[in-house]
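Each remark here refers to the structure printed beneath this line.
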Amino acid sequence: TLFRSEKARSLFPENPTVHYFIGYSARAQGDFDSATRSFQRSLELQPNNADTLASLGFLATERGSPEEAERLLRRAIEIDSKNYPATYDLGRLLVRMKRYKEALPILERGVTLTVDDPGIHYQLFLATSRLGQKEQAENHLARFKSLEERRKQREGGGGVP
């Protein structure tokens with residue numbers, strides 16, 4: 001894939017989408033350095049791309065740069081308030097930073113964008129349980145378990161899609 005990435009980069013050096021997809025591919029392979037470089041190049045070419053900002057925010061979170069991650073993710077949401085990955089990752093980051101009260105409305109917004117993601121319900125479980133909201137925490141944990149079971153059945157080939 002490295003050869004194809006370099007070829008695409010050389011054929012379309014000014015195309016932000018090419019750089020974005022090369023970054024996405026590198027991220028999926030765990031090559032965060034290459035992913036960051038490609039996403040940064042994409043952002044240079046298209047500065048207000050919420051998806052690219054969200055991807056850079058995710059990488060900053062994973063690389064242990066929470067302030068940078070928060071800035072990037074908030075900017076992505078400012079540009080596109082319906083950007084689920086940025087919303088989820090910002091909520092997850094705030095939970096990780098133990099800023100539960102801040103995380104809660106962001107995660108609740110995320111549920112309105114994508115109701116069937118088990119991850120958002122798990123993050124909501126964490127935030128509500130830490131805030132002493134026992135009933136809400138139990139509801140989110142039950143929803144998480146149900147969605148996670150459904151996901152496992154789909155991936156394992158069993159169960160109803």
Side-chain angles (χ1 to χ4, degrees), residues 16-17 19-36 38-40 42-43 46 48-161:
T17 305
H19 293 281
Y20 175 82
F21 283 116
I22 291 170
Y24 200 84
S25 175
R27 174 185 149 178
Q29 295 173 35
D31 185 352
F32 288 0
D33 291 337
S34 293
T36 299
S38 293
F39 287 138
Q40 286 172 337
S42 179
L43 197 60
Q46 193 175 33
N48 291 319
N49 186 303
D51 293 328
T52 304
L53 288 161
S55 292
L56 284 166
F58 170 85
L59 290 171
T61 298
E62 296 305 302
R63 297 178 107 184
S65 299
E67 296 82 13
E68 179 185 1
E70 184 176 354
R71 180 184 61 77
L72 290 162
L73 294 167
R74 287 190 187 280
R75 186 166 160 219
I77 293 167
E78 190 177 293
I79 292 167
D80 177 6
S81 64
K82 293 181 180 180
N83 188 298
Y84 177 74
T87 302
Y88 172 78
D89 285 337
L90 178 59
R92 184 173 63 97
L93 173 67
L94 293 172
V95 166
R96 204 182 261 187
M97 296 169 68
K98 300 181 176 156
R99 291 164 53 188
Y100 307 116
K101 283 184 181 177
E102 276 183 80
L104 195 55
I106 292 164
L107 293 168
E108 288 170 342
R109 169 84 174 123
V111 167
T112 69
L113 299 173
T114 303
V115 296
D116 289 338
D117 179 5
I120 194 108
H121 290 282
Y122 186 74
Q123 295 301 318
L124 277 161
F125 159 70
L126 292 174
T128 53
S129 65
R130 299 318 189 271
L131 291 170
Q133 299 173 0
K134 187 177 182 205
E135 185 177 338
Q136 292 93 329
E138 289 172 358
N139 289 339
H140 287 297
L141 182 58
R143 184 76 174 136
F144 162 74
K145 288 179 177 180
S146 169
L147 291 168
E148 189 64 11
E149 183 61 33
R150 214 174 353 164
R151 181 193 64 78
K152 287 178 183 176
Q153 288 175 352
R154 277 194 310 269
E155 288 178 2
V160 181

Should the ring pair Tyr122 and Phe144 be called parallel, tilted or perpendicular, given that the plane angle runs from 0 to 90° and is split at 30 and 60? tilted
How would you list, by chain and number, every residue that makes a side-chain hydrogen bond (donor to acceptor under 3.5 Å, both in side chains) with Thr36, sequence neighbours excluded? Arg63
Give me each pair satisfying salt bridge (Lys or Arg N to Asp or Glu O under 4.0 Å) with a member in residues 106-121, each pair once, sequence neighbours excluded. Asp116-Arg143
Check whether any side-chain heavy atom of Tyr88 lies under 4.5 Å from a side-chain heavy atom of Thr114, and answer yes or no. no
Distance under 6.0 Å and angle within 45° of ring axis: Arg27 vs Phe32: no
What do you reckon, is OH of Tyr24 surrounded by more than 12 foreign heavy atoms closer than 6.0 Å? no
Verify, without hydrogens or angle tests, whether Thr87 (side chain) and Asn83 (backbone) share a donor-acceptor contact under 3.5 angstrom. yes
For the residue pair Arg96 and Pro66, establish whether any side-chain heavy-atom pair is separated by less than 4.5 Å. no
Taking everything shown except Phe21 itself, do over 12 heavy atoms lie less than 6.0 Å from its CZ? no
Short question: side chain of Ser38, backbone of Ser34 - any donor-acceptor pair under 3.5 Å? yes
Is there side-chain contact between Leu94 and Tyr100, with at least one heavy-atom pair below 4.5 Å? no
Output all residues satisfying salt bridge (charged side-chain N to carboxylate O under 4.0 Å, His left out) with Arg151, sequence neighbours left out; order by chain, then residue number. Glu148, Glu155
Is there any side-chain hydrogen bond (donor to acceptor under 3.5 Å, both in side chains) pair reaching into residues 126-141, and which pairs are they, with sequence neighbours excluded? His121-His140
Please determine if Glu70 and Arg74 form a salt bridge, counting it only when a charged side-chain N lies under 4.0 Å from a carboxylate O. yes
Quick one: salt bridge (Lys or Arg N to Asp or Glu O under 4.0 Å) pairs with a partner in residues 81-94, sequence neighbours left out? Glu62-Arg92, Asp89-Arg92
With Glu149 via salt bridge (charged side-chain N to carboxylate O under 4.0 Å, His left out) - residues at least two apart: none
Side-chain heavy-atom pair Val95, Leu107 within 4.5 angstrom cut-off: yes
